[in-house]
2 protein chains.
Amino acid sequence: MATYTISEISQMFHLPASTIRYYEKIGLLEHVEHINSYRRVYNESHIDRLNAIECFKKALLPLDEIKAFFTYEKDMEQNSEKILQMMKTQEVKTVERMKDLETGLAHLQKKIRFYTLVDEAVKHGTPLPNWDEL
Amino acid sequence: MATYTISEISQMFHLPASTIRYYEKIGLLEHVEHINSYRRVYNESHIDRLNAIECFKKALLPLDEIKAFFTYEKDMEQNSEKILQMMKTQEVKTVERMKDLETGLAHLQKKIRFYTLVDEAVKHGTPLPNWDEL
DNA sequence: ATACTACTTGAAGTTTACTTTAACTCAAGT
DNA sequence: ACTTGAGTTAAAGTAAACTTCAAGTAGTAT
């Protein structure tokens, strides 16, 4: 079975080693062997786990909920409803955050249009644009 | 000119009064009069400002950058390039965050499909679904 | 007059997700 | 033998954006 050092994992996921140790500390990464009782060794299961963490983080799930998910997942038959509930609740939140982001982005882009015109007006000495007419 | 108390503003923006005071403290809200030297009074200009803050927050601009924007905006002719740079930089970041959110959402939705099937399988005593076949 | 309510202050505390620090441990290379 | 490099630990520190606290004030209601 292929094994990896912490710096390999670090490069793989663009995460500092300290973060990977931190994830282990809070119980997000489990069963990390320490060879010679001091050096960490990772395998495919940790890579899978980190990929899942990455996805959940992108969906804005807080670390403690990601951890709870992995706990529930160990007995998915018992916990399928709980997991489903959790995922659906987060789906709503994620969709809301996407809507906010769209609103915010539109505002940013309006500012960009406006200040592009301001910049041009300043350079050519022409009158400044009107925000409300955009 | 219409004026508002802190609790009216609080309700208007769904922000606790403490947050509105905090924004004043860090310089995001300016020129807030304190009548009888103790009670805050807000007007339309503060409402405009808070609306702008809300939009920028949705675009994920940190408060110190929002503050910097308002400072630059006071002399937009001088600072149009700086503002434009700031908005464009943030636009890129916001778009990136939206992509992440989309990825995360897709992952969430796959989990929802999977655990819906798990839940059904458990209820009907049929075999569990396979994650990789979804 | 007293109580009540809405508001005030500065300072300290909270949360999340890390990051940094200091002192230490191996194993390998020169 | 010594240095170097990668890794280790527990504990403290950081950053952002608030939130809570304790003690106090001003205007209104009873």
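Order of the sequence lines fixes the chain letters, A, B, ..., with proteins taken first and strands second; residue numbering starts at 1 for each chain.
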Practice problem: Applying side-chain contact (heavy atoms from CB on, under 4.5 Å), run through L134(A) and L117(A) and close with a yes or a no. | Solution: CA-CA 10 Å; L134(A) 247 81; L117(A) 296 178; 4.1 Å; yes
Quiz item: Taking only side-chain nitrogens and oxygens of R39(A), does any of them come within less than 4.0 Å of OP1 or OP2 of dG5(D)?
Solution: no
Self-check item: Nucleic acid contacts of residues 17-28 of chain B, taken as heavy-atom distances under 4.0 Å to DNA chain D
Solution: S18(B), T19(B), Y22(B), Y23(B)
Practice problem: May I ask you to check whether over 12 heavy atoms, not counting those of E44(A), lie within 6.0 Å of atom CD? | Solution: yes
Practice problem: If a pair satisfies side chain to side chain donor-acceptor pair (under 3.5 Å) and one of its residues is in residues 49-63 of chain A, list it, with sequence neighbours excluded. | Solution: Y23(A)-K57(A), E30(A)-R49(A)
Quiz prompt | Test item: side-chain donor near acceptor, T89(B) and Q85(B), under 3.5 Å | solution = yes
Quiz item: When you measure from the side chain of S10(B) to the backbone N and O of L15(B), does any donor-acceptor pair fall under 3.5 Å?
Solution: yes
Quiz item: Got a donor-acceptor contact below 3.5 angstrom from the T71(A) side chain to the K67(A) backbone?
Solution: yes
Quiz item: Is the backbone N or O of Y115(B) less than 3.5 Å from a side-chain atom of D119(B), with the two atoms forming a donor-acceptor pair by type?
Solution: no
Quiz prompt | Least distance between heavy atoms, A59(A) atom then Q90(A) atom | solution = O-NE2, 3.0 Å
Exercise. Go through the side-chain N and O atoms of E8(A) and Y42(A) and say whether any donor and acceptor fall under 3.5 Å apart.
Key: no
Self-check item: DNA chain D contacts among residues 1-11 of chain A, heavy-atom distance under 4.0 Å
Solution: T5(A), I6(A), S7(A)
Quiz item: At what angle, to 10 degrees, do the two end axes of the helix from dA1(C)-dT30(D) to dT30(C)-dA1(D) meet, given five pairs define each axis?
Solution: 20°
Exercise. Check whether any side-chain N or O of H34(B) sits under 4.0 Å from OP1 or OP2 of dC7(C), and answer yes or no.
Key: no
Practice problem: Would you check if there is a donor-acceptor pair between the side chains of E24(A) and H34(A) at a distance under 3.5 Å? | Solution: yes
Quiz prompt | For DNA chain D, the residues among residues 50-68 of chain A that have a non-hydrogen atom under 4.0 Å from it | solution = none
Quiz item: If we ignore angles and hydrogens, is there a donor and acceptor under 3.5 Å between the side chains of E91(B) and Q109(A)?
Solution: yes
Exercise. Answer yes or no: is there a donor N or O on one side and an acceptor on the other, between the side chain of T103(B) and the main chain of K99(B), under 3.5 Å?
Key: yes
Practice problem: Taking salt bridge (charged side-chain N to carboxylate O under 4.0 Å, His left out) as the test, write out the residues that go with E81(B), two or more places apart. | Solution: K123(A)
